[in-house]
Amino acid sequence: MKKSVLFIFFILGIFILPQVYSAITIDSTLNPQYNLGEKINLKGSITEANDVNGILNIFMECGTTTTEYRTITVNETIEVDEEVVERKACYEDDECSGEEVCWEHFCKDFNSDGTETVTRTVTEPVTTTSDLQSVQLAAKSLRLKKDILESFSYDLPITGELLGTCSFRVSFNDMTSGTLIDETTSSSLEITKQLKGVFAINKPEFQLGDDIIISGNILNLKDININGMSVIYIKKDGINYIVDTVPITAGAFNYKTKLISMPAGAYSVFVEASDNNGNKYLFENTLQFNLYNNLIVSGLTDKQSYLPEEIVKITGTVYKKIGGAVSGVKVNINFDDKNYTTDILEGKFTFNIPLIKIIKSYYHNISFNAEDQSLNYGEATTKIDVIPVPTTLSIELDKEAYQPQQTVIIKPILNDQANDALQRKVDIEIRNTKNDIVFSVIDMTGNEVKYDLPEFAYPGIWKVNIKSEGLKATKDLNVEVVEIIDILLSGQELSLTNRGNDKFEDEVSIEASGDISDTSIQKFYLAPNQTKSIELFKLFKPGTYSIKIMDKTFDSVTITDERNIFEKALDGLVSLTGFTIYQQSKDISNMGFTSLAIIGVIVLLGLLVKYGGKLKFGSGKKAVSQPENIDFDKPGVQIVNDKIGKSIPIRRTASSLRNTSGFGKANEQDIADFKRRIRAGADKDRRFGSGNGGAFSMFD
């Protein structure tokens, strides 16, 4: 703005102000708060610099006034250096348009008058007034003389239209034109419906069914007792459980009611009071109390542990949480899904429960509950222990029958009077068919005990015996007969092994199919785990065959006979005499050995001729006794199996081959048996490499 324009306004102000000068003052000291219906005495004065006729108006203006601080953006216009404006034409560029001008590649906005608009951010208070109401309370015409003070005083009522933050506004207007000459505003005050109150309750805790008494005294802001009405709210978690009214007389009220049909918990009392002037105020959470709806129930038994068929004697009490003993109602007793009832007299009760014979062992709950007329409720639980009585002992096996090497799973079971399992120590033993104890252990009933049957367990009925808590039980364990014959062909040697658990005694057909087909019938006597070997070249002629024995077939089996004449003669001799001479090592084939073998046979035949009549053979006859000290490294000693897993030494002599039927003769069975034993010994000598025993080691 130009300086000349500002000077003109200043001169006009000097001439005009004295013409309209006036002053209004408010002398009253106002309270910060007032209730509806009260009166406020407003005093003040007014003076004017000239004689004037006017109207003095008094208004009360009320509303909600708030002041906030906020950040705002302010645009300011400033002058720009004239040099910049002069260069506008020089630095115009296609990139700039309108009032923009580029100066040193920086685009700026300029106003047409050569000024620049600058934006900045400031923080300032912002006052807002909402729901503003203005009510004229009084008016007075005044003829004022120059510089003469005129006083005014009014008792102004506060009506129901005025609430909130208020102030008095006093204005003086020209009577003719209505032009405002002067006005002023009083300090702020608050018009409120708020009241004062003092409240009391008869006790802080209640039992359902008790009477509650609430009393109070209500005053206005000038501490004057009011007359009016109060509304009582009893709330829990925002829910009104009781809403009732009671009059207020000379500021006082009393309210009494019974607390029924209400949940237990913490409650608050709200009181809404109103007077005859329209003041109304809600006193929130003025009082608090706790409400209980539970009964304290207890039940005791005469002891903790009982045997089946004993009597449980019960005594108990029932009391209110707030209050005394309960009478005139019944207590409910629940035991093992059975319900009983008995009377409560002065808070006490008694009852007897007989236990049945087959009651379950260990812990049992006894529950009690009671409810009175006001729906107060209580419950309690106690426990008793029933001592288990071992009643039955039994055995469970995982199978009905077993085979050797299978695992027998034994589960001893001990049950009590209710047929429930008990876990106690148990003695377990297993006896085989010969009544020998093969297994013995101490374990716990209910556990699974495992026993692995031997590879060659005797077939038949075994026994499982158990003992626990003075009780015994027995169960049959059936071991089945298992027949397993392993057949193995190693070169030209065919071996049969009894892998079953029973003896094998049968004739076996050995079929050879090839260039020439032939069949050999061999009789086998095999105890469990016993093996018998047969050399195929002694059964069939040389050639290539398919050998079938029992359910097994060996294809492309080549049979060759590498025996010399002397060995064949020996085998022939066996066929005639039942005696076998076995060559320990087939690698020894020189003439010295052969000659020695021939001499040995001649000597043997000579001995048979000379002493044959003195030797006796026959079933039931004891063989020639053997020397006590036998040198097993000497030739002519062999090891044969007497029983499974036991080896004994025996010595065979030529005289032992003689039988009762005549010199040098044996029946077919004698020959087969003797030949089998001789070959078994020879096989053993071969396996253990006993080839250094001297020349006589060729004799079995």
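- For the residue pair N365 and F335, the shortest heavy atom distance occurs at O-CD1, 3.7 Å.
- Between atom CD1 of residue I24 and atom CD1 of residue I46 there is a gap of 4.0 Å, rounded to the nearest 0.5 Å.
- Scanning for salt bridge (charged side-chain N to carboxylate O under 4.0 Å, His left out) contacts around K140 gives an empty result, with sequence neighbours left out.
- Counting only residues at least two apart or on different chains, no ring pair (Phe, Tyr, Trp, His ring centres under 6.0 Å) pair has a member in residues 33-55.
- When side chains are defined from C-beta on, N339 counts as touching N334, because their heavy atoms get closer than 4.5 Å.
- Listed for the N290 side chain is no donor-acceptor partner under 3.5 Å among the backbone atoms of P204.
- Residue N293 holds its CG atom at 11.5 Å from NZ of K321, rounded to the nearest 0.5 Å.
- The shortest non-hydrogen separation linking L144 to E48 is CD1-CG, 3.1 Å.
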Derivation of the side chain to side chain donor-acceptor pair (under 3.5 Å) call for D155 and N41: CA-CA 4 Å; D155 288 327; N41 181 256; 2.8 Å; yes
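- Atom CG of residue L189 and atom CD1 of residue I158 lie 7.0 Å apart, to the nearest 0.5 angstrom.
- Looking at residues two or more places apart in sequence or on another chain, you find a side chain to side chain contact (heavy atoms under 4.5 Å, CB included) between L287 and F199, I201, I214, V269.
- Note on residues 299-327: no pairs pass ring pair (Phe, Tyr, Trp, His ring centres under 6.0 Å), not counting sequence neighbours.
- Residues forming a side-chain hydrogen bond (donor to acceptor under 3.5 Å, both in side chains) with K43 (at least two apart in sequence, or on another chain): none.
- Interatomic distance, CD of E38 versus NZ of K222, reported as 4.0 Å (0.5 Å rounding).
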Can you list, pair by pair, the side-chain donor-acceptor contacts under 3.5 Å of residues 345-360, counting residues two or more places apart and other chains?
{"residue": "K360", "atom": "NZ", "partner": "D420", "partner atom": "OD1", "Å": "3.2"}
{"residue": "K360", "atom": "NZ", "partner": "D420", "partner atom": "OD2", "Å": "2.9"}

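- Here the closest heavy-atom approach between residue T25 and residue F152 is recorded as O-CZ, 3.8 Å.
- Remark: side-chain polar atoms of D416 are paired, donor with acceptor, to backbone N or O of A418 under 3.5 angstrom.
- When the options T341, D343, T342 are evaluated for a side-chain hydrogen bond (donor to acceptor under 3.5 Å, both in side chains) with K330, the one that passes is D343.
- Side-chain atoms of E379 and N332 form no donor-acceptor pair, as typed in the model, at a separation below 3.5 Å.
- Note that the OG atom of S274 and the CG atom of L36 stand 12.0 Å from one another [nearest 0.5 Å].
- Heavy atoms only, all atoms of each residue included: V329 and D372 are closest at CG1-CA, 3.9 Å.
- With sequence neighbours excluded, no residue forms a side chain to side chain contact (heavy atoms under 4.5 Å, CB included) with D237.
- Residues satisfying the side chain to side chain contact (heavy atoms under 4.5 Å, CB included) test with D275, not counting sequence neighbours, are L195, I226, N277, N279.
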Intermediate values then yes/no, side chain to side chain contact (heavy atoms under 4.5 Å, CB included), Q417 and E309: CA-CA 11 Å; Q417 72 284 347; E309 298 184 281; over 6 Å; no
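- The main-chain N or O of T192 is found under 3.5 Å from a side-chain atom of N35 such that the two form a donor-acceptor pair.
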Sequence neighbours left out, cut at 3.5 Å: what donor-acceptor pairs do the side chains of residues 247-260 make with other protein atoms?
{"residue": "Y255", "atom": "OH", "partner": "D244", "partner atom": "OD2", "Å": "3.0"}
{"residue": "K258", "atom": "NZ", "partner": "G209", "partner atom": "O", "Å": "3.4"}
{"residue": "K258", "atom": "NZ", "partner": "D211", "partner atom": "OD1", "Å": "3.3"}

Evaluation steps, side chain to side chain contact (heavy atoms under 4.5 Å, CB included), between N225 and L219: CA-CA 4 Å; N225 291 326; L219 308 93; 3.5 Å; yes
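- Residue K146 places its NZ atom among 12 or fewer non-hydrogen atoms of other residues, nucleotides or ligands, all under 6.0 Å distant.
- The two residues N240 and V243 come nearest to each other via the heavy atoms CB-CG2, 3.7 Å.
- In this structure, S230 contributes its side chain and V246 its backbone to a donor-acceptor pair below 3.5 Å.
- Between T381 and S367, the shortest heavy-atom contact is OG1-CB, 4.1 Å.
- Within the 4.5 Å cutoff, no side-chain heavy atoms of K193 are placed close to those of Y281.
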Steps toward side chain to side chain contact (heavy atoms under 4.5 Å, CB included) verdict (F206, I322): CA-CA 6 Å; F206 296 87; I322 304 298; over 6 Å; no
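- Remark: the backbone N or O of E284 is not paired with any side-chain donor or acceptor of E272 at under 3.5 angstrom.
- Here the side chains of L291 and K236 are not in contact, with every heavy-atom distance at 4.5 Å or above.
- Separation of atoms CD1 (I191) and SG (C166) is listed at 4.5 Å; rounding is to 0.5 Å.
- A cation-pi arrangement is absent between K320 and Y292, since the terminal nitrogen or guanidinium carbon is not both under 6.0 Å from the aromatic centre and inside a 45° cone about the axis.
- In K235, the NZ atom is crowded: over 12 heavy atoms of neighbouring residues, nucleotides or ligands sit closer than 6.0 Å.
- Considering only residues two or more places apart in sequence or on other chains, Y362 meets the side chain to side chain contact (heavy atoms under 4.5 Å, CB included) condition with D385, P388, L422, R424.
- The environment of K145 atom NZ is sparse: at most 12 non-hydrogen atoms of other residues, nucleotides or ligands sit within 6.0 angstrom.
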Please set out all donor-acceptor pairs under 3.5 angstrom arising from side-chain atoms of residues 167-175, sequence neighbours excluded.
{"residue": "R169", "atom": "NE", "partner": "E61", "partner atom": "OE2", "Å": "2.8"}
{"residue": "R169", "atom": "NH1", "partner": "E183", "partner atom": "OE1", "Å": "3.2"}
{"residue": "R169", "atom": "NH2", "partner": "E61", "partner atom": "OE2", "Å": "3.2"}
{"residue": "S171", "atom": "OG", "partner": "N173", "partner atom": "OD1", "Å": "3.4"}
{"residue": "N173", "atom": "ND2", "partner": "G178", "partner atom": "O", "Å": "3.2"}
{"residue": "D174", "atom": "OD1", "partner": "T176", "partner atom": "N", "Å": "2.9"}
{"residue": "D174", "atom": "OD1", "partner": "S177", "partner atom": "N", "Å": "2.8"}
{"residue": "D174", "atom": "OD1", "partner": "S177", "partner atom": "OG", "Å": "3.2"}

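- Using a 4.5 Å heavy-atom threshold, the side chains of I234 and M262 count as touching.
- Not a single salt bridge (charged side-chain N to carboxylate O under 4.0 Å, His left out) links D337 to another residue, sequence neighbours left out.
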V386/H364 under side chain to side chain contact (heavy atoms under 4.5 Å, CB included): CA gap, chis, key distance, verdict: CA-CA 8 Å; V386 175; H364 290 253; 3.5 Å; yes
